[in-house]
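All remarks here apply to the structure that follows.
What you see is a predicted model, and the numbers here were worked out from it, not measured in a lab.
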Amino acid sequence: HDSKEYPSEWHGVDLARTIYDMKWWTRHVRSHPERVAELNELGFVWERLQPEWNLILEALIVYSNLQKRTRGRSNGEMDELLVPTSFVVPHGNSQWPRATWGIPL
């Protein structure tokens, strides 16, 4: 049963761990200023989001460079970066930094 304060999809969710997942945060927090305000009042530590975001950016840079090589583009050319929603950084592939293995982009 949904309530205005807590949607049913949040019931039983470990917010202390889950909120640091970038996709969850984007979907459930970022576009809701009132939720951000509540978390600020509770003393939420926003800086924990930065390391994961840095890994995502690092993986996107690798993905972009690999796509440029595949398409025969030089490093100086800018192009739109479209990543399939189902793409996950492969495990065990030395072209990707180990810390990014398994991250969904």
Side-chain angles (χ1 to χ4, degrees):
H1 147 281
D2 276 354
S3 76
K4 185 177 180 180
E5 294 179 13
Y6 301 101
S8 61
E9 62 204 80
W10 289 20
H11 295 192
V13 171
D14 178 2
L15 289 179
R17 187 175 57 87
T18 304
I19 198 160
Y20 291 109
D21 175 275
M22 289 300 292
K23 287 183 180 182
W24 192 94
W25 181 83
T26 300
R27 189 175 326 123
H28 296 286
V29 178
R30 184 160 125 195
S31 59
H32 300 277
E34 72 284 358
R35 293 177 184 167
V36 172
E38 269 188 77
L39 289 167
N40 284 335
E41 286 178 32
L42 293 171
F44 184 75
V45 180
W46 295 104
E47 289 78 21
R48 278 197 51 198
L49 291 170
Q50 192 60 43
E52 183 177 348
W53 179 243
N54 290 346
L55 288 175
I56 291 170
L57 287 177
E58 188 172 359
L60 286 170
I61 290 167
V62 172
Y63 183 91
S64 175
N65 288 336
L66 291 173
Q67 291 301 307
K68 285 178 188 174
R69 274 192 241 146
T70 301
R71 294 180 183 168
R73 299 205 183 255
S74 71
N75 283 339
E77 293 182 52
M78 296 298 287
D79 201 359
E80 192 173 27
L81 180 63
L82 300 175
V83 182
T85 57
S86 61
F87 184 83
V88 176
V89 176
H91 283 271
N93 185 324
S94 63
Q95 292 180 302
W96 299 85
R98 180 180 288 264
T100 65
W101 293 357
I103 292 176
L105 296 179

*Between atom CG of L82 and atom CZ of F87, what is the distance when rounded to the nearest 0.5 Å?*
13.5 Å
*Do V88 and I56 belong together in a cluster built from hydrophobic side chains that touch within less than 4.5 Å?*
no
*Quick one: side chain to side chain contact (heavy atoms under 4.5 Å, CB included) partners of P33, sequence neighbours excluded?*
none
In residues 91-105, what donor-acceptor pairs under 3.5 Å come from side-chain atoms, sequence neighbours left out?
residue	atom	partner	partner atom	Å
N93	OD1	Q95	N	2.8
T100	OG1	P97	O	2.7
W101	NE1	N93	O	3.3
W101	NE1	W96	O	3.1

*Would you give the length of the straight line joining atom CG of L66 to atom CD1 of I61, rounded to the nearest 0.5 angstrom?*
12.0 Å
_Would you compute the distance between atom CD of E34 and atom CG of L39 and round it to the nearest 0.5 angstrom?_
10.5 Å
